[in-house]
Amino acid sequence: MNNETGFASFLDEMKWRGFFEQCTDEKALAELLTAETVTAYIGFDPTADSLHIGSLLPIMGLVHLQRHGHRPIAIVGGATAMVGDPSGRTELRSMLTLEQIERNLQGIKEQLSHYIRFGDGPQDGLMLNNADWLKDFGYLEFLREYGQFFSVNQMLTRDSVKTRMEHGLSFIEFNYMILQAFDFMVLNRDHGCRLQMGGSDQWGNICSGIDLTRRVNRQEVYGLTFPLMMTAAGTKMGKTASGAVWLAAARTSVHDFYQFWINVDDRDVARFLRLYTLLPRERIEELEKLQGADIREAKRVLAGEVTALLHGRDAADKAAEAARALFGGGGDAESIPSSERPEGDFAGDGLLLLEALVESGLLKSKGEARRMIRQQAVRVNGEVISDEMRALSAADIRDGRIALQVGKKRHHHILVG
RNA sequence: GGGGGGGUUCCCGAGUGGUCAAAGGGAACAGACUGUAAAUCUGUCGGCGGACGCCUUCGGAGGUUCGAAUCCUCCCCCCCCCA
C-alpha cells in the first residue's frame, strides 16, 4: 500500500518493531491487509483524564496502522468504566459517573489526536465510546439476542479468567469479556471493523469477539496482540519517582517526560526506539550499534523523538536544551522547570529551604526534605546544603534566580521577580 | 445457608495485649562508584515540629482495658469445602 514506511506491509513492520506477539490466522490477515483498507480497533480505559505511558504501545500500534493506509478506531470503554474498574483489588471498584467519563474521554481524545488523524476520510481515525451502544441495552434484551452465543465453558477456559479464578473474580469482571466481544461485533457491523489489537492479556477477550462476530455477523475478523511491556529490570513500564508517567503535560511535565526516556535502561533503548518512535529502520539499526557511553546518543534520539511525537518538536527541543544545561554544561537555562516568587520573600530571614523544596514540587513533605538534606542530596546553586534550617535569602539569588537541586536529576529554579 | 481460612504501611509478607510507625523481602529515593545507564556497597523509606515530642495508620463501626494491629460485638469483602 503505502510505502513511506519503508516496510512491505503493516505486519512486517509490526514484527520488526516488536509489536507482534501473536495473531489469529496470520495468512488470511496478511492477505486482507494487502487487499484493502482495513479498519482496526483498540480499546482504552477512560479511568483518568489522561492516558499514561503504558498506553503508548497500543497508540503506536494504531499509528502504524494508519501509516500503512488503514483506518484506526480508538474505542474508549465508557460502558466498562461505568460498571467499575476490573483492576481494583481489595478496595471497592470505583465506578465513574457519566460526567467524569465524558470529561476523561475528551482528554483522551485530545491526546490521541497528537498521534492519530481523526476525521471523515476513508483512512481517518474514529474515536467511539462503547457506552453509546451498551448504555441503554436491556439485560433481558441482551440475553435474548446474544446469550446463546456465549459458552460459559469456553469462557472459563480463557487464561484471563483462569488466572483470576485463583483470587476470585466478580461477575462484573467475568463480564468484561462479553462486553468487549460485543464491542467488536458492533464495530464490525457498523464500521466494517475487521481487526482488534491489544495487549497480550486481551487475547481471550479478542478471541471471544471474533467468535461472536462470526456467529452474529457471519464475518471473519482477526485479532493481534502486543507483548506485555516490561523494562529490562523486570518492572512495569512507566514508573518514576513521582508515580506514573502521564501523557498530559499538566500531569507529567514535558521536561520530566523527556527525562524519563533519557533515563531508560541501556538494555531497553533499542527495543524502545523500535516501539516508540517512527524513525526509519536504517536509522534505528544505526543507533543500535552504539556501545557503552555512546548509547546516550541513542537515548537522546529516543527521548527527542518520543517527546516530539507527543508534545511537538519545539517542546522536545526545549527539553533537550534544558537537559544540556543541567547535565552537559552549556545549554539554555530558560527551559529548566521553574516557578516565580516575589523578591520580598527573600528579605530578612528569608524563606526556609525546606518550604521552598516542598512548594517547588521537588519533594513531597518537609520530613522528606529534611531527610534529603541529611543525606547530602540537596544543593542550592550547586552547593551541597547540610543545614536543615537553612533559609534562602537575597544572597542566594544569582542572575535573578535560585537553582534548587535534589539528587542528581531533579532540578527546579526559583525565578525572583 | 453451614463449616474453615483470611483482609497489615506502595507490593509481597511477619506480627496475636504494652519494648509496634509495626520484622523480612521487593519497589522507590539518596550517597559512593559511573555514562543523567547497569551492577555493587551504604543509608533512607507515614505526617508534623530543631531534638527527648506530637499526630495518623494495621478492612469498617463500636466496645473491653491504664494500654489493642493484637481481646469482644456487629458489619463489609476475599478464598476453600459442604449444601
Side-chain angles (χ1 to χ4, degrees), chain A residues 84-95 161-174 230-245 255-273 287-288 290-304 307 319-331 335-337 349 352-355 357-359 361-379 382 384-391 404-412:
Chain A
D85 181 352
S87 60
R89 300 174 59 83
T90 325
E91 69 276 24
L92 278 175
R93 324 250 178 254
S94 58
M95 304 203 184
V161 173
K162 270 199 284 191
T163 55
R164 294 288 291 144
M165 291 292 268
E166 290 162 30
H167 299 283
L169 79 171
S170 70
F171 189 59
I172 289 181
E173 288 167 58
F174 188 56
M230 298 291 265
T231 63
T235 59
K236 227 180 185 170
M237 176 79 189
K239 290 228 217 107
T240 51
S242 35
V245 180
H255 179 262
D256 288 341
F257 186 83
Y258 180 90
Q259 287 300 324
F260 171 80
W261 296 100
I262 285 287
N263 283 307
V264 145
D265 192 310
D266 279 11
R267 294 167 291 179
D268 288 324
V269 178
R271 208 155 45 100
F272 288 0
L273 278 168
L287 290 166
E288 286 173 347
L290 296 172
Q291 293 294 318
D294 291 338
I295 290 176
R296 283 178 300 166
E297 171 59 19
K299 290 185 188 179
R300 278 192 285 272
V301 174
L302 174 67
T307 307
E321 190 68 17
R324 220 167 300 137
L326 293 171
F327 299 101
S335 314
I336 294 164
D349 290 341
L352 267 184
L353 174 59
L354 291 176
E355 286 178 22
L357 288 167
V358 174
E359 282 169 33
L362 281 172
L363 295 169
K364 284 198 283 292
S365 69
K366 287 193 204 170
E368 185 180 25
R370 245 177 255 287
R371 268 181 253 128
M372 287 299 151
I373 292 176
R374 264 180 232 142
Q375 294 183 76
Q376 310 280 298
V378 174
R379 288 163 194 264
V384 175
I385 302 300
S386 49
D387 175 12
E388 292 176 32
M389 286 295 103
R390 174 71 145 76
L404 301 181
Q405 181 179 352
V406 175
K408 294 191 181 73
K409 297 175 193 171
R410 282 179 280 174
H411 297 264
H412 185 93

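Chain A is the first sequence line, chain B the second, and so forth, proteins listed ahead of strands; every chain is numbered from 1.
At the phosphate of B:A30, OP1 or OP2 sits under 4.0 Å from a side-chain N or O atom of A:R410. Residue A:R370 places at least one side-chain N or O closer than 4.0 Å to OP1 or OP2 of B:G50. One finds a side-chain N or O of A:R296 lying less than 4.0 angstrom from the OP1 or OP2 phosphate oxygen of B:U36.
For the pair A:L326 CG and B:G35 P, the computed distance is 18 Å after rounding to whole Å. Here the C1' atom of nucleotide B:A30 and the CD atom of A:Q405 are 12 Å apart, to the nearest Å.
The side chain of A:K408 sits closest to B:G31 out of B:A30, B:G31, B:G35. Taking the side chain of A:K409 as heavy atoms from C-beta on, and the options B:G50, B:G35, B:U36, the nearest nucleotide is B:U36. Each of B:A51, B:A30, B:U36 was ranked by its minimum atom distance to the side chain of A:R374; first place goes to B:A51. Proximity note for A:M389 (side chain, C-beta onward) versus B:G50, B:A51, B:A38: the nearest is B:G50.
Considering only residues two or more places apart in sequence or on other chains, A:R390 meets the side-chain hydrogen bond (donor to acceptor under 3.5 Å, both in side chains) condition with A:D396. Taking the side-chain contact (heavy atoms from CB on, under 4.5 Å) definition, one finds that A:A298 meets it with A:V269, A:L273, A:L287, A:L290, sequence neighbours left out. Scanning for salt bridge (Lys or Arg N to Asp or Glu O under 4.0 Å) contacts around A:R371 gives an empty result, with sequence neighbours left out. For the side-chain hydrogen bond (donor to acceptor under 3.5 Å, both in side chains) test, no residue two or more places apart in sequence or in another chain qualifies with A:R370. Partners of A:D265 by side-chain hydrogen bond (donor to acceptor under 3.5 Å, both in side chains), not counting sequence neighbours, listed by chain and number: A:R267. Looking at residues two or more places apart in sequence or on another chain, you find a side-chain contact (heavy atoms from CB on, under 4.5 Å) between A:E355 and A:L351, A:L352, A:E359, A:K366. Evaluation of the side-chain hydrogen bond (donor to acceptor under 3.5 Å, both in side chains) rule for A:H412 yields A:S339 as partners, not counting sequence neighbours.
The heavy-atom pair separating A:W261 from A:F257 by the smallest distance is CD1-O, 3.0 Å. Contact between A:A323 and A:Y258 at its shortest, heavy atoms only, is CB-CE2, 3.9 Å. Taking every heavy atom of both residues into account, A:K364 and A:V358 meet most closely at O-CG1, 4.0 Å. The minimum heavy-atom distance between A:L363 and A:A369, with the atom names listed, is CD1-CA, 3.5 Å. Residues A:K299 and A:V264 share a closest heavy-atom pair of NZ-O, 2.9 Å. The shortest non-hydrogen separation linking A:F327 to A:H411 is CZ-NE2, 3.9 Å.
Spacing between B:G60 and B:U65 at atom P, rounded to whole Å, works out to 23 Å. For the P atoms, the distance linking B:A61 with B:U42 amounts to 41 Å, nearest Å. Between B:U70 and B:C58, the two C1' atoms lie 10 Å apart (nearest whole Å). Using atom C1' as the reference point in both B:G25 and B:A14, the two lie 11 Å apart (nearest Å). Across B:A83 and B:U9, the matching P atoms stand 36 Å from one another, rounded to whole Å. Distance check on atom C1': B:G47 versus B:U36 gives 31 Å, rounded to whole Å. Taking atom C1' on both nucleotides, B:U57 is separated from B:C52 by 24 Å, rounded to a whole Å. Taking the C1' atom of each, B:A69 and B:A21 are spaced 11 Å apart, rounded to whole Å.
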Check nucleotides 42-46 of chain B against the protein and report each pair of N or O atoms closer than 3.5 Å, with its distance, or say if there are none.
unit_1: B:G43; atom_1: N2; unit_2: A:Q375; atom_2: OE1; d: 2.9
unit_1: B:G43; atom_1: N3; unit_2: A:Q375; atom_2: OE1; d: 3.3

Under 3.5 Å, N/O pairs linking protein and nucleotides 21-23 of chain B:
none

Interface polar pairs with nucleotides 56-58 of chain B, N/O, under 3.5 angstrom:
none

Audit row: A:V378, A:L404, side-chain contact (heavy atoms from CB on, under 4.5 Å) steps and yes/no = CA-CA 7 Å; A:V378 174; A:L404 301 181; over 6 Å; no
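If you check every strand for non-hydrogen atoms under 4.0 Å, A:Q259 touches a base. At a threshold of 4.0 angstrom between heavy atoms, the contacts of A:K299 include nucleobase atoms, whether or not backbone atoms are also involved. If you check every strand for non-hydrogen atoms under 4.0 Å, A:V264 touches sugar and phosphate atoms only. A:D265 comes within 4.0 angstrom of sugar-phosphate atoms only, judged by non-hydrogen atoms across all strands, and of no base.
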What would the secondary structure line of RNA chain B be in dot-bracket form, counting Watson-Crick and G-U wobble pairs under 3.5 Å, with [ ] for pairs that cross earlier ones and | for pairs with another strand?
-> (((((((..(((.....[.....))).(((((.......))))).(((....)))...(((((..]....)))))))))))).
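Nearer to the 5' terminus of RNA chain B, by closest-nucleotide assignment, is the contact made by A:Q291 (compared with the other of A:Q291 and A:G367).
Counting non-hydrogen atoms of other residues, nucleotides and ligands closer than 6.0 Å to CG of A:D387 gives a total above 12.
You'll find a donor-acceptor pair under 3.5 Å spanning the side chain of A:D266 and the base of B:G35, going by distance alone.
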